[in-house]
Amino acid sequence: MQEKQLQELLGSLSLTEKIGQLVQVPGEVLNAEGQELGVREDLGLSEEIIRNAGSTLNVVGAKRIKEVQKAYLERSRHKIPLLFMADIIYGFRTVFPIPLALGCTFEPELLERLCEVTSQESVAAGAHVTFSPMVDLVRDARWGRCLESTGEDPYMNSLYAKAMVEGFQKGMSDGAKEPKGMASCIKHFAAYGAPEGGRDYNTVDMSERRLRQEYLPSYKAGVDAGCEMIMTSFNTVDGIPSTGNKWLMDDVLRKEWGFDGVVITDYAAIAELVIHGAAEDQKEAARLAMEAGVDIDMCTGCYANYLEELIQEGRIDEKQLDKAVMRILKLKNKLGLFEDPYRGADEAKEAGLFLSKENRRLAKEAAVKSMVLLENREETLPLAAGAKIALIGPYADNQDALGFWAIHGTKSAVVTLKTALEEAVGAENVMSAPGCETILEKDYHDLPAMQKQYGMEGWSDEKRQAEMEKAVELAAQADVAVLALGEAVLQGGEGGSRTSLTSRRSAYASEKVQKAAKVVVVLFGGRPLVLDEVSKLSDALLEVWFPGTEGGHAIADVLLGKESPCGRLSMSMPRCVGQMPLYYNHFNTGRPYDGITPNRFFSRYTDCENTPLYPYGYGLSYHKAEYGPVTLSSHIMKKGETITVQADITNTGSRAGIETVQLYLRDVAGSVVRPVKELKGVQKVALDAGETKRVKFTITEEMLRFYGKNMEYCSEPGKFQVMIAPDSSCDMQAEFVLE
Ligand code: BGC
Ligand code: BGC
């Protein structure tokens with residue numbers, strides 16, 4: 001449709017029909033032959049509003065979508081197609097590793113490809129919009145939603161945000177016969193990843209400088225990449241919940257950044273303005289959200305029930321409503337829904353694409369690249385050919401490898417580690433037992449209720465003892481015990497905050513099976529855990545996160561040396577929960593601790609080191625890289641010029657591998673204090689055994705910019721330090737001066 005036709009369409013709509021476009025109803029309302037009254041009544045939505053609702057969420061599947069769309073259009077006067085949105089976060093039916101794991105690949109192009117493939121599966125299933133990527137910066141592993149983020153670094157998060165948006169939306173508005181791509185929704189705007197105490201939905205409060213410097217860049221990168229939608233966050237920002245925060249949604253997002261797409265709330269967030277204490281009632285909440293520039297009300301009756309009154313009372317200008325409706329119509333038009341309301345939904349295509357060989361291959365590649373080898377004492381890995389393996393642990397033969405947020409994924413398609421190892425080395429070489437459960441009641445308050453809800457089985461004390469005895473016996477007979485352990489899916493994700501990050505079960509199990517000649521821990525989970533104990537008890541420690549559909553094959557290939565691990569940590573791994581928030585790009589303080597001098601008057605803990613157990617950017621491989629000295633093309637950088645920094649990297653090991661070479665910079669002094677280091681460049685370099693490669697980075701003036709004293713984003717002349725290193729823990733190696 002042309003813009004003029006859209007305007008005409010808008011002009012032909014009644015007030016109720018316009019408001020309807022702004023209302024998103026939960027899938028349950030529309031699923032069963034059109035309607036299910038329960039949900040509708042809960043939300044206080046009228047039959048008329050439901051008939052006119054502009055969008056729905058988490059209704060997927062070609063057949064279902066076609067039925068729902070058809071029934072909707074038949075009942076609709078204006079015949080504007082319904083928009084189908086869904087949480088398709090890290091894969092649709094084929095599930096990739098969780099985003100925190102993907103962050104460990106340091107390969108934005110790979111994430112772009114994964115999102116493109118996810119789009120293909122989702123488009124065939126009729127989805128139009130995905131609530132992804134989540135680009136919230138994370139520094140606190142207590143927060144369960146770390147798993148949805150690509151990590152703690154603003155630079156990498158921005159690259160990933162761009163890559164994911166471009167991947168999801170590729171070909172979206174080409175108007176081709178075969179629809180491609182879906183609209184991408186950046187979330188949760190803003191700073192949802194910084195709740196106090198790591199407790200989900202909790203207060204977020206920080207200086208505007210920190211917000212702009214560290215937290216906003218990834219959302220901005222998504223906007224610049226052309227994302228069609230942005231989702232408000234549940235939290236407050238400077239005392240005002242995002243969903244009613246005009247400064248954030250209008251001044252920053254629309255005016256400063258020029259975002260002209262659709263703003264949607266997070267689930268029920270307008271109604272929560274009342275609960276926050278930002279509005280006295282839902283009507284006022286609706287007014288605040290509308291004034292802030294929020295277009296779609298996700299699953300509350302606030303807009304549906306109060307916008308009309310607010311407009312009639314003159315408290316909301318109808319023009320404002322028209323603008324919001326227009327943005328939604330434009331998105332529908334971009335997707336080609338007016339020409340084809342069933343866009344892409346195709347059962348035959350679903351069958352060809354879902355879990356296809358190529359998609360599985362990609363899932364395996366992503367899983368291999370996102371694993372991080374944390375320890376490998378005496379080259380325990382790769383396992384020796386012919387080794388007798390005792391595969392023990394709750395994740396040994398468990399399809400729960402998708403993590404908390406893969407709601408459309410096919411769990412039954414997950415390849416377990418047991419299956420994969422048996423395929424690779426023969427069933428006769430693999431003995432397996434679960435040994436223990438992933439989670440106990442003392443680790444999770446509502447466990448009995450959750451077990452009921454998710455159909456999980458709890459063990460009796462007798463079973464616990466018998467299973468552990470069996471595991472210990474198997475370990476004693478084996479050359480190597482591979483322990484597949486970690487946190488339970490339930491412990492992470494939305495609402496999955498924890499105060500203890502110790503994998504109690506893991507330490508217990510690794511201690512029990514010490515009878516094996518060697519112990520390799522394969523650690524599953526959605527966040528950094530406190531691993532000191534587990535690490536001490538293991539000869540090798542491989543962090544595999546929630547690795548997705550092809551996790552089993554990927555882990556087996558890495559354990560057996562068919563693939564070399566190359567993932568690097570996207571989040572610092574703590575020694576202790578009390579270190580939270582923990583991140584590499586911190587300030588120096590006036591009294592930084594050197595970790596050695598016994599003096600209490602430093603910025604330090606008296607019972608724990610300051611440093612992480614494993615730093616950001618860290619990971620081992622089967623090759624060995626040595627970094628030569630860093631040299632600069634000049635020690636003076638004049639305005640408008642660039643300088644080159646380089647180092648020779650040599651693989652001194654006996655195997656080829658991929659080295660993730662990282663460039664960090666430090667601005668030694670500024671009008672405001674600058675972090676001790678900031679990642680500014682990454683190159684993944686393939687090195688044959690014995691090979692040396694010269695790795696070069698160009699330093700530009702743009703890399704040196706920050707929000708200075710007067711909140712201007714610019715560089716300041718002075719001294720800078722630089723390092724090229726395998727991870728963030730290294731020392732600065734060279735200096736230059738910006739004139
Ligand atoms: C989550 C969002 C999600 C939305 C819709 C909310 O609870 O915070 O990430 O997109 O639900 O399912
Ligand atoms: C303390 C101050 C104290 C000063 C002089 C500093 O280290 O922080 O509280 O007044 O020493 O003793």
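Heavy atoms only: backbone and side chains are in, while hydrogens, waters and symmetry mates are out. Given the structure is predicted, the values throughout are model-derived calculations rather than measurements. When a ligand or atom number is given, it counts from 1 through the structure's own listing order.
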Seminar exercise, completed: Looking only at heavy atoms, the pair that brings Asn58 and Asp87 closest together is OD1-N, 2.8 Å
Exercise. Given side chains that start at C-beta, do those of Leu335 and Met172 come closer than 4.5 Å, heavy atoms only?
Worked result: yes
Exercise. Looking at residues at least two apart in the chain, or sitting in another chain, which of them share a ring-ring contact (aromatic ring centres under 6.0 Å, His included) with Phe354?
Worked result: Phe92
For this session: Would you tell me whether Tyr303 and Gln24 have side-chain atoms, one donor and one acceptor, within less than 3.5 Å of each other?
Result: no
Problem set entry | Pairs where residues 240-250 contributes a residue and the test salt bridge (Lys or Arg N to Asp or Glu O under 4.0 Å) is met, not counting sequence neighbours | Lys246-Asp250, Asp250-Lys255
For this session: Please name all residues satisfying ring-ring contact (aromatic ring centres under 6.0 Å, His included) with Phe96, sequence neighbours left out, ordered by chain then number.
Result: none
Problem set entry | Close-range residues for ligand 1, whose non-hydrogen atoms fall below the 4.0 Å threshold | Leu57, Asn58, Asp87, Phe131, Arg145, Lys187, His188, Met231, Phe234, Asp266, Tyr267, Met298, Trp405, Glu494
